[in-house]
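To start, the structure itself, in C-alpha cells.
Per chain, numbering begins at 1; letters A, B, ... match sequence-line order. We use all heavy atoms of the structure for the numbers below, so side chains are in, but hydrogens, waters and symmetry mates are not.
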Amino acid sequence: MARSNDEVAALFREYADLISITGGDAYRARVYEKAARSVGGYHADVARLDVKGLQEIPNVGKSIAEKILEYFRSGSVSAVDELRARIPAGVRRLTAIPTLGPKKACLLYEELGISSVEELADAIHEERLRDLKGFGPKTEQNILHGIELLQSSGDRVLLDVALDLADDMVAALSRATGCRRCAYAGSLRRVRETVGDIDILATAEDSAPLMRAFSELPYVAEVVARGETKTSIRTTKGLAVDLRVVPPDSWGAALQYFTGSKAHNIRTRELAVHHGLKLSEYGLFDIESGEKIASETEEDVYARLSLPWIPPTLREDRGEIEAGLRGELPDLAVESDIRGDLHTHTDLTDGLAPLEEMVAAAAERGYAYYAITDHGPDMAMQRMTDERMLAQRARVRELDGTCGRGRGMRLLHGAELNIDPDGGVDWPEEFLAGFDLCVASVHSHFNQGREAMTRRIVRACENPYVNIIGHPTTRIIGKRPGVDADLDAIFAACARTGTALEINAHPDRLDLRDEDILRARRYGVKFAVDSDAHATLHLANMRYGVGTAQRGWLTKADLINAWPETRLRRFLSKGHKGRVTRRSAA
DNA sequence: GCCGTTTTCGGCCCGACTGTTTTCAGTCG
C-alpha cells in the first residue's frame with residue numbers, strides 16, 4: 001500500500017500533466033509538479049495534517065492544501081476529475097513516448113481522437129498524421145521509434161552496471177585527442193540507485209575529436225543526436241548516454257549543471273537570479289554587464305551563490321539549499337569512515353568463500369573489525385546446526401586478532417537470523433546470548449498484511465539479542481517491491497529498543513532506500529551499512545551503501561559501523577550484560 | 001498557483017537539438 005503522501009504526489013503529478021496537455025497555464029502545471037515533489041518527500045503523513053500544517057509544506061499554499069483535504073475527505077479532487085473527464089488516460093500515456101510531449105499529444109487527440117499508444121501507431125501506418133500541422137515524415141519516424149523504445153522499456157539500470165560502463169567510457173574519452181578533463185556526472189554522480197541515462201562531461205578546445213571518439217565506441221548502437229557541444233547515443237543494451245563538451249574554463253559550472261538534479265539546478269539558478277546573476281553550464285554571469293563571475297570549479301560557483309560546496313549525493317532539492325545557506329549541511333559519512341562490515345557470509349551457509357578468505361579480504365580493506373553472520377537453522381536449505389555454528393565460532397576466536405593492520409582486526413561472531421511470520425527467530429535467547437551480534441531479516445512470507453508484517457518486525461526489534469534489522473524492506477530493485485509495513489512504527493521501535501537498521505549495500509537491494517533513511521533518522525535511529533557479502537568481491541559493494549547513506553544525509557555518528565569498537569560493543573549489548581562481558585574479557 | 005533581502009503583484013531556470021516554421025515551437029534534461 002502506498003504511503004498517503006505518495007498517493008497525493010501521484011495525483012498532483014497527474015494533474016500537472018493534464019494541465020499541460022489541455023494547454024493550461026504552464027506555471028500552474030509547474031507549481032503542481034513542485035508540490036508533488038514536496039509532498040512526496042515530506043516527513044509527516046499528509047493525511048493527518050490540517051490546512052495550517054499542510055501549508056507548512058514547501059510549495060503548498062491554500063488552494064493545494066484544500067485539495068489535499070478534499071482528497072482525504074472524499075477520495076477524489078473535483079478539479080482533477082474535471083480534467084480527467086476531458087482527457088482520456090491514454091492521452092497522458094502518449095507523453096511517455098520519447099520526443100512526444102503534451103503539445104503534440106493534445107493535438108493528436110483533438111484533431112484525430114487518438115487516445116492510446118496503439119491507436120497512434122495505427123494512425124501513423126495509415127498516414128493519417130500527414131496533414132497535421134507540425135508533423136512531418138521525420139516526426140512520424142521518431143514517434144514510431146519512440147514507441148518501440150517504450151515497449152522494449154528502456155528500463156533504468158542498476159547503479160553498478162551503469163558505473164562500470166561509465167568508468168569505461170570516461171577512460172576511453174580521456175585518451176581522445178584534445179581531451180583536457182572527463183568525468184561522469186548526472187544521477188550516477190549523485191549515486192542514485194538506478195540510472196536512466198549516463199551523462200559524461202568533458203572539456204576541450206575543439207570538441208570534434210571527442211565527439212567522433214564517442215560515436216565510434218564499440219557498444220554504440222545508435223547516434224540519437226549529434227551537435228558541436230552535445231552528442232547523444234544509445235548503447236547496444238538500450239542505455240542512453242550523453243556527452244557534453246565545454247571549454248576548459250567552464251569545467252566547474254558544467255559539472256555543477258550536469259550533475260543536477262533538475263530540481264536542485266532550478267533552485268540554484270533561481271538563487272542566481274536573486275543575486276542578479278545568471279547560471280548556465282558555461283558559468284555564473286552578471287546579468288547587467290555580462291561579466292563572468294565564476295566557472296572554473298564547483299566550489300567557486302556555489303561560493304558566489306553564498307553556498308558551501310554541496311556534495312552531489314545531496315543535490316535533490318530536499319533541503320540542501322536551505323541547509324547550505326544556514327551553514328548546516330551535514331558532514332556526510334564517507335567510505336573511509338567505515339571501520340567494519342557487520343553482515344557477511346561464508347561457505348558454511350550460502351557464501352562462496354571460506355571463512356579464512358573472507359577474513360583476509362576484509363583485512364585487506366583495512367577494517368578495524370569484521371563480523372561473520374551466517375544464516376541460522378530456520379533457513380533449512382543451509383543445514384545449519386548448533387554444532388556447526390559453535391565450531392565456526394571457535395575458529396573465529398582463533399583468527400581474532402591475527403589479521404589486518406598490526407594484526408589488530410577484531411572479529412565478531414554473529415548470525416543472520418530469520419524473522420518468522422510471528423516475529424520469532426531461529427534460536428532461543430540462551431543460545432543467542434553467545435553471539436557478539438545478530439542481524440535479523442525477513443526472508444519469506446513477504447505478503448503478510450500490513451499490520452502482521454509491522455508487528456512481526458517490531459517484535460524482532462524487541463528481541464534483546466537482535467541488533468540490526470537486515471535489508472529491512474526486502475525489496476529487490478526492479479523485481480520485488482518492499483514489504484507492506486508501517487515503516488514509521490518500525491523506525492520508532494528501532495529507536496526505542498536500540499536496534500539498528502541496515503543499509504544493505506548490495507546494488508540489487510540498497511535497502512533501506514534513501515527516502516526511508518531520511519524519515520528514519522528523524523526518529524533517532526542508528527544505521528549499519530553492510531555489504532551482505534557472499535563472496536570476497538562483494539565486500540567492495542560497501543561504496544554503494546555509503547552513497548545511499550549519504551543520500552539519506554547520514555554522518556558517521558549515525559553509523560554504528562563507523563564507531564570505534566568499544567562504542568559499537570556497547571551498542572550491541574542493548575543494555576543487557578551478556579555481550580559486554582565477553583568484550584571486556586577479550 | 002506559489003512566493004517575497006528588488007515584489008502581497010508580477011514574476012516564475014537555462015540552453016541544446018530537432019524538425020519543419022522561412023523565424024521558431026516543442027521536447028528534453
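Sorted by residue number, the members of residues 25-35 of chain A with any non-hydrogen atom under 4.0 Å from DNA chain B read Asp25(A), Tyr27(A), Arg28(A), Arg30(A), Val31(A), Tyr32(A). Scanning residues 290-310 of chain A for heavy-atom distances under 4.0 Å to DNA chain B yields an empty list.
Taking 4.5 Å as the limit, every side-chain heavy atom of Pro312(A) sits out of range of all side-chain heavy atoms of Val191(A).
For the residue pair Glu320(A) / His264(A), a side-chain donor-acceptor distance below 3.5 Å is found, with atom types taken as modelled. Side-chain contact of Asp511(A) with Thr473(A): a donor-acceptor pair under 3.5 Å is present, judged by distance alone. Looking at Lys34(A) and Ser38(A), their side chains never bring a donor and an acceptor atom within 3.5 Å of each other.
Under the 3.5 Å distance criterion, the side-chain polar atoms of Thr203(A) are left unmatched by any main-chain donor or acceptor of Pro248(A).
Taking only side-chain nitrogens and oxygens, Tyr282(A) comes nearer than 4.0 Å to OP1 or OP2 of dA16(B). Here Thr139(A) reaches the OP1 or OP2 of dT20(B): one of its side-chain N or O atoms lies under 4.0 Å away. The shortest distance between the side-chain N/O atoms of Ser63(A) and the OP1/OP2 oxygens of dG1(B) is below 4.0 Å. Contact annotation: Lys67(A) reaches the phosphate of dG1(B) (side-chain N/O to OP1 or OP2, under 4.0 Å). Note on Thr229(A): every side-chain N or O is 4.0 Å or more away from OP1 and OP2 of dG15(B).
Between Glu228(A) atom CD and dA16(B) atom P the separation is 10 Å, expressed in whole Å.
Lys138(A) comes within 4.0 angstrom of the backbone, heavy atoms only, and of no base.
Across all strands shown, dG10(B) forms a Watson-Crick or G-U wobble pair with dC3(B), both key distances being under 3.5 Å.
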